[in-house]
Each structure stands twice: as C-alpha cells, then as structure tokens.
Amino acid sequence: MVIQVLAIVLALGLLMFFAYRGFPVIVFAPIFTLLAVVISGVALMPSYTEVYMLNAANYVKNFFPIFLLGAIFGKMMELSGAASSIAQTIVKALGSKRAMLAVVLACSVLTYGGVSLFVVAFAVYPFAVAIFREADIPKRLIPGTIALGAFTYTMDALPGTPQIQNIIPTTYFGTDAYAAPLVGIAGALIVFIGGLWWLERRRKQAAANGEGYGTGHKNEPEVLENAKYPNIWISVLPLLLVLVFNFLLSRTSMSVTNWYSSELLETFNIANVKTVSSSWALIIALCIGVIAAGCINIRQVKGKMAAGLTAAAMGSLLAIFNTASEVGFGNVVKTLPGFKSIQEWIMNISDHPLISEALSVNILAGVTGSASGGLSIALEVMGKSYLSMAQTLGISPEMLHRIASMASGGMDTLPHNGAVITLLAITGLTHKQSYKDIFAITCLKTIAVFTLAIVLSIF
C-alpha cells in the first residue's frame, strides 16, 4: 500500500514540477498518469482509453462552449476598446491617490462581467502603469494588485460570476451560479478588504524606504493619453447583458429549467436538468454579450475579427485541454488502490464536509496549478461523498458549491500557475520581484475560505 500511495504522490509531484518548468500539461499529464498506473499494478491501456480519455472528453463536452464563448467575449471586448474604456474610466475617476483601489476595481468589473482573466490583465496593465507611475508606487506591486481584482473574489466568491470556477460545481451539486450568495459576499469582503490592506501596507513600506516607481523596467506600455475609446456606458452594456441574462435564465420564470418537458429531457438522457441548466444559461448570456460587444465599434472590430476569433479559439482550446488533461489524470488516480488511503486521510482530517472539501480542493488546485483543474478533480473524485455527508448533516448543496468554488481560487496561484506566469510576462516582472505579493493574496484567500468553512461547520 505504501508503494501504491507513493506512486500517486510521485505522479502528482512530477506533474507539478514539469508544469512549473513550463512543459505542456496536455503532453505530460497522461504520461505521469500511466506511470502511476504501472507502479500500482493496474491495467495500462484500459486505464488510458476507458478512464483517462473518457473523462477528459466528458469534461470537454460539458464546458467547452463556456471556455470558447468566454474567450470570444473577452476578445470582442478587447478589440472594440470596451475593456480599455472601462479600465480607463475607473482609473481616471479614482485618480493616483487611490491607484491600487482603482486597478482592483477595474479588474473586478471586467472579471465579474465575464471577461477572461488573461484579457483583463492585458486591458488593465497599461492604465495600471500610468497611474502607478504618476503616484510613484513601485511597479513590482502591479501584479499583486491585478491578481487581487481578477484572480480572487470576482472569480469564484461573488454570486453570479460567470467565470468557470463558479460554474463547475453546478454539475456536481445541481446548484446555479448564485449559490449561497451571503457566504460568497462575506468571503469577497474579507479578501477585498484584507487584500487592499496588504497592498497599502506594502506601498507605505516602499515609500518609507524611498522607493518609487523605478526605472529600466521591461514591457513598458505605450503612452495612452490620446487614445480614443468607446463611451463608458456603451462599453459597460455587454457586461451588464451577460450578468442580467445569466440571472434571468437561472433564477426567474424565464429559467432554462422550464424550457423543456421532462419527456423531452429523458430523450436526451438528462436525468436532472439542474446539472446542465447553469451551463445553458451562461452559454446564452455569453452569446448575447458577444453580439453586443462586437456591435460597439463594428468598423474597428470588423477588420480584426478573423485574427481575433482565431486567437480566442486557440486560447480556449489550450485552456480546456489543459484542464481536461488534469481531470483525466484525477479520474485515473481515483481508481488506483493507493487513492483510498489518501482519500481516507483527507476525510479523517475533519468529519465535516465543508472543511474536508475546502482542504481537498485547495490541495489539488495547488498541486495542479489550476483552480478549475483542481476543483474538477476534487469534485469528480469526492463530490458524491461530500453531497451525501452534507445531506446527512442538513447542509445545503449551495454551501458545498460556494466553499468548493472559493477554495479552488486559493492555493492554485502557486508559482507554477499559468495565470501567474502570464501576468508576470505581461508586466515584464519576475517571480523574485513580484510573487511575494501574489502569494500573500493567495494565503489570504485560503485563510478566508477555511474561516468560512469552520464558522459554517459550527453553526
């Protein structure tokens, strides 16, 4: 049994190491999966074709429309200038005296409106540079500031956020994107206030040491003072449409759960419409958002649409197949003999499903360097167990949804996380210069979700 447990630990460790070194997860996830299978003495080829590939393909089937439409929506917002218009307006309104708050809010509005994290980083970075330079705040604090606004509470805590980390739990718990709104808002406030406190503390320390914006930086953006962007109210419209239609199609009489008869659903082998309704609602909302964003500055978008759609499609393919590879990895691991010991260890740390769930999601998100990947693996492997435990204790599935979603955005941002690496590349900074603040935000997010899980377990 020790060897079988070590086989899983070795495979996870190698996957984490190679991901950190920049090797593609798509290639190495199946390699290390099969390594664990061989060491564990389980049938090799059936594990690959009937478990790994089957579950990876199922993940693509469930979530590819959201990945693709999310990427296209973000690209349309970028090409039309709407994303830059929103960022510029917020930054100018708050001014250099509230530079960090301005950047955080700009990121938050875009992320909560459905724009992908990577597009948000590209869109906000030029304005962050301008306002940080004006306020003479060290550039090394920009990544942590963007991470707080884009990688935390708007990604998975605030109810209704259309980011994938808030949609994945709906498949396992039959919930919707607005699950446990009060818990999500409480968690968001903890992270928002705590994150700003940390960043302001770091800014004051730098000022006391006489450190300003600095010189000789890489990837400095062009000056944007004379750039022209669409009207702010028009720019915000696609974001509002996504949020409004997602809500209308999820929680009102217009809900997609009422669109089809039970007899028709049975024809398509849909036993419980709630497991797919959140995805349906978001798909329709994103389609509406894409059309609206494309119409904002149609002349400018038209000339760049072919290249933009290609880039969005390629980006979505890479993102979903990376995550699907990790999901396939997790599903093979759960069939191995050694996993039972690991599962028992996680379950025995706490007999309360919320605490155990927060722990398992955090660990797997940290190991894989992916919030959606770690979340999918944890819920695929232990979701039914948590749901059964919650029902026994009278805990709402909505609580499981919100804690799982928030936990995925905790330790996922370890150094090998793709979003962290991309953010540092965009800003022209290194892990040594800026990762400390990103890690502080990561720890704060992790502390917040465990605090909520413990408090909910008591009451």
Side-chain angles (χ1 to χ4, degrees), residues 24 26 60 63-90 106-107 109-129 146 150-151 154-155 161-164 167 219 221-222 224 226-243 245-246 282-323 372 418-419 421-423 425-428:
I26 294 174
V60 174
F63 298 113
F64 178 63
I66 296 173
F67 274 82
L68 178 62
L69 289 169
I72 293 174
F73 178 60
K75 181 57 69 173
M76 289 297 103
M77 289 291 289
E78 177 188 349
L79 294 179
S80 66
S84 295
S85 174
I86 294 167
Q88 180 192 50
T89 301
I90 293 174
C107 292
V109 169
L110 290 169
T111 310
Y112 190 62
V115 180
S116 71
L117 308 180
F118 300 105
V119 172
V120 169
F122 275 109
V124 173
Y125 172 57
F127 303 103
V129 165
I146 292 177
F151 297 179
T154 53
M155 183 177 82
T161 175
Q163 299 299 328
I164 192 67
I167 302 302
N219 291 8
E222 297 177 5
L224 299 170
N226 298 322
K228 294 182 179 180
Y229 300 111
N231 179 277
I232 180 61
W233 300 112
I234 296 177
S235 298
V236 170
L237 182 60
L239 304 183
L240 294 177
L241 287 173
V242 172
L243 293 174
F245 274 93
N246 190 30
L282 184 54
I283 288 169
I284 296 169
L286 284 172
C287 285
I288 294 170
V290 167
I291 294 170
C295 292
I296 286 177
N297 198 348
I298 195 164
R299 290 184 179 178
Q300 179 173 311
V301 172
K302 184 179 179 181
K304 302 176 181 178
M305 184 171 291
L309 290 175
T310 300
M314 293 302 294
S316 66
L317 284 171
L318 180 61
I320 194 165
F321 276 100
N322 272 332
T323 307
S372 56
I421 294 170
T422 302
L423 176 58
I426 291 169
T427 57

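Nothing here was measured: the structure is a model prediction, and the numbers come from that model. These numbers come from the heavy atoms of this one structure, side chains and all, not from hydrogens, waters or symmetry mates.
Nearest heavy atom pair, residue Lys75 against residue Gly308, reads CG-O, 3.4 Å. Contact between Ala150 and Met155 at its shortest, heavy atoms only, is O-CB, 4.0 Å. Listed here is the closest heavy atom pair of Ile234 and Ile296: O-CD1, 3.5 Å. Between Pro230 and Ser80 the shortest heavy-atom distance is CG-O, 3.2 Å. When every heavy atom of Ala285 is checked against every heavy atom of Asn246, the shortest pair comes out as CB-N, 3.7 Å.
Leu79 has its side chain out of reach of Met305: every pair of non-hydrogen atoms, C-beta onward, lies at least 4.5 Å apart. Between Leu239 and Phe73 there is a side-chain heavy-atom pair separated by less than 4.5 Å. The shortest distance between side-chain heavy atoms of Thr89 and Val236 does not fall below 4.5 Å. Proximity of Leu317 to Phe67: side-chain heavy atoms (C-beta onward) are nowhere separated by under 4.5 Å.
Residues satisfying the side chain to side chain donor-acceptor pair (under 3.5 Å) test with Ser85, not counting sequence neighbours, are Ser235. For the side-chain contact (heavy atoms from CB on, under 4.5 Å) test, residues two or more places apart in sequence or in another chain that qualify with Ile72 are Leu68, Met76, Val290, Leu309, Ala312. When the side-chain contact (heavy atoms from CB on, under 4.5 Å) test is applied to Ile288, the partners found at least two apart in sequence or on another chain are Leu241, Phe245, Ile284. In this structure, the side-chain contact (heavy atoms from CB on, under 4.5 Å) partners of Ala106, at least two apart in sequence or on a different chain, are Ala87, Ile90, Val124. For Leu243, the side-chain contact (heavy atoms from CB on, under 4.5 Å) partners two or more places apart in sequence, or in a different chain, are Tyr112, Pro162.
Ile86 CD1 to Met77 CE: the interatomic distance, rounded to the nearest 0.5 Å, is 4.0 Å. Separation of atoms CD1 (Ile167) and CG (Leu282) is listed at 5.0 Å; rounding is to 0.5 Å.
A donor-acceptor distance shorter than 3.5 angstrom exists from the side chain of Thr161 to the backbone of Thr154, with no hydrogens or angles considered.
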